[in-house]
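Data block below; observations after.
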Amino acid sequence: MKDFDLKLPDTLEAAVGELPAEYSRDGAQVLAGGQDIVTVMKDDIEQPAALVSLQRLGLDGMQWDERGGLTIGATVTIQTLAEEASIERGLPALREAARSVGSPQIRSQGTLGGNLNQRPRCPYYRHPSVSCFKKGGSVCLAEFGFNKYAAIFGGGPSYYSHPSDLATVLVMLGATATIAGPGGERQVPLAELYVLPDQALDTETVLRPDEILTSVSIPAPAADARSSYLKYKERASYDFALAAVAVSVNRGDDGVVTDARVVLGGVAPKPWEVPAAAAALVGKAMAPEAWTAAGEAAVADADPLEHNGYKVHLVKGLLFRALEALV
Ligand SMILES: Cc1cc2nc3c(=O)[nH]c(=O)nc-3n(C[C@H](O)[C@H](O)[C@H](O)COP(=O)(O)OP(=O)(O)OC[C@H]3O[C@@H](n4cnc5c(N)ncnc54)[C@H](O)[C@@H]3O)c2cc1C
């Protein structure tokens, strides 16, 4: 691991001022909990000359508004989201997603902003001596090599799958990120935060190298909305999602679905919303026929590689179970 400077700015403006306008592997980068950035530095995947810590910026608060919306600071830990009683009452799917992340140690150190901005977990990207599109190379080894964990939607030219559990559920909840940069603040819906590999290969988000995600705001859910998050992982103790579903359903007095939202995790380079699956639920009673139809619609556009066709079946099963749990 190369030597680097640790910057500890006291203000957001000073922190932004430490960051470079253009991305380079050795330019300064943001440090939150450090679990991912330090790992990629140790493995020589990134070599920033400086890390700019968010520790002294006071981004660790949470605030409910009077209508039931929640704003969460970027350095709030994942463990706080997993334990906080008001989140369990008001946004149970967010709590489920937070509880599914890693282990208690990982959740206690990892932050919301770090979780949303963590780099891909593709074994080729993470291998210190392998070159690939994501590291400035000219090939995606997952396309024709070992691709059990790769994307079944939205891949090409790179086929990594998005690793963040929180991102999947926050897209489903209609959250918005606040981002600070040299020109001030801007708001970006979480659904628009991530880019696909055919749009950019050196990053996974629309954040510029000199921007910092400062908070995420979740609107108050509709009174009749019920939501859940369900994840399947290979290792029971702690692991990333092989596939996950975040689903929300509103029903009228007659029990018929009036609105729905379905977002998939672990199967695409970004949280993958499937409006067709939601449409298969609207106007129907919450019953197995509708859940099966939603599952078929969810995977209709899947394009699996050699070793990850199982994810198609996994998505259908997870969606069925997540919907069943809502009734
Ligand atoms: C063994 C293991 C298991 C894990 N399992 C899961 C899992 O099941 N599900 C899951 O979702 N995650 C999982 N993770 C990932 C873990 O949640 C992330 O590593 C962690 O959230 C990163 O948070 P951090 O605060 O340590 O970020 P850091 O390591 O400090 O930063 C991560 C990246 O985000 C950037 N960054 C951080 N904060 C900001 C910000 N506010 N604005 C802009 N950029 C920022 C950094 O520059 C860096 O590139 C696992 C990690 C490990 C090591």
Side-chain angles (χ1 to χ4, degrees), residues 4 6-7 9 12 15-16 18-20 23 25 27-43 45-48 50-55 57-60 72-82 94 96-121 125-126 134 149 161-171 177-181 185-186 188 193-194 202-216 229 231-244 246 265-266 271:
F4 63 93
L6 177 62
K7 310 280 186 187
L12 199 50
V16 166
E18 297 283 3
L19 294 167
Y23 169 77
R25 282 184 78 212
Q29 293 195 35
V30 170
L31 171 72
Q35 287 202 63
D36 196 34
I37 186 73
V38 176
T39 305
V40 292
M41 288 164 70
K42 281 183 184 166
D43 288 343
I45 295 164
E46 299 282 328
Q47 298 178 332
L51 290 181
V52 181
S53 171
L54 306 183
Q55 198 182 327
L57 304 186
L59 301 176
D60 55 353
I72 309 167
T75 58
V76 168
T77 67
I78 303 164
Q79 187 67 0
T80 302
L81 302 179
L94 174 60
E96 281 313 307
R99 282 167 59 101
S100 82
V101 173
S103 64
Q105 292 92 334
I106 290 161
R107 295 195 291 271
S108 298
Q109 183 69 21
T111 65
L112 169 65
N115 186 269
L116 297 180
N117 286 288
Q118 61 178 299
R119 306 303 308 273
R121 304 301 301 193
Y125 169 74
R126 294 275 165 172
K134 296 295 295 172
Y149 303 113
S161 63
H162 181 79
S164 164
D165 288 300
L166 298 182
T168 304
V169 79
L170 287 168
V171 169
T178 297
I179 295 168
E185 273 189 358
R186 63 182 177 124
V188 176
L193 184 71
Y194 297 100
D202 58 0
T203 180
E204 294 78 50
T205 72
V206 298
L207 257 73
R208 291 187 284 270
D210 55 0
E211 288 187 317
I212 295 172
L213 185 153
T214 55
S215 66
V216 170
Y229 181 75
K231 161 181 176 179
Y232 188 82
K233 50 192 177 178
E234 197 165 33
R235 191 167 42 174
S237 56
Y238 63 89
D239 216 340
F240 292 87
L242 291 181

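In listed order, ligands and their atoms are each counted from 1.
The closest protein non-hydrogen atom to atom 48 (C) of ligand 1 is Ile37 CB, 3.9 Å. Looking only at heavy atoms of the protein, atom 16 (C) of ligand 1 is closest to Ile106 CG2, 4.0 Å. Annotation: atom 47 (O) of ligand 1 to nearest protein heavy atom, Val30 O, 2.6 Å. The protein heavy-atom contact nearest to atom 53 (C) of ligand 1 is Gln35 OE1, 4.1 Å.
Counting heavy atoms closer than 4.0 Å to ligand 1, residue Ser100 contributes backbone atoms (N, CA, C, O) but none from C-beta onward. Heavy atoms of Pro163 found under 4.0 angstrom from ligand 1 belong exclusively to the backbone. Contacts with ligand 1 closer than 4.0 Å are made by no heavy atom of Thr75, backbone or side chain. Residue Leu54 touches ligand 1 through its side chain alone, judged by heavy-atom distances below 4.0 Å. At a heavy-atom cutoff of 4.0 Å, ligand 1 is contacted by no atom of Leu116, backbone or side chain.
Near Ile78, with a cut-off below 4.0 Å to any heavy atom, the atoms of ligand 1 are 17 (O), 21 (O). Near Asp239, with a cut-off below 4.0 Å to any heavy atom, the atoms of ligand 1 are 7 (C), 8 (O). Set against the non-hydrogen atoms of Ala74, the atoms of ligand 1 under 4.0 Å away are 41 (N).
Residue Gly102 has at least one nitrogen or oxygen atom sitting less than 3.5 Å from a nitrogen or oxygen atom of ligand 1, judged on distance alone. Considering both main-chain and side-chain atoms, Ser164 never comes within under 3.5 Å of ligand 1 through any nitrogen or oxygen pair.
With no hydrogens or angles considered, a side-chain donor-acceptor pair links Ser103 and Gln105 at under 3.5 Å. A donor-acceptor pair shorter than 3.5 Å can be found between the side chains of Asn115 and Ser164.
Under a 4.0 Å N-O distance rule, the pair Asp165/Arg107 does not qualify as a salt bridge.
Both the sub-6.0 Å distance and the 45° axial angle are satisfied by Arg235 relative to the ring of Tyr238.
Between the side chain of Thr75 and the backbone N or O of Leu59 there is at least one donor-acceptor pair closer than 3.5 Å.
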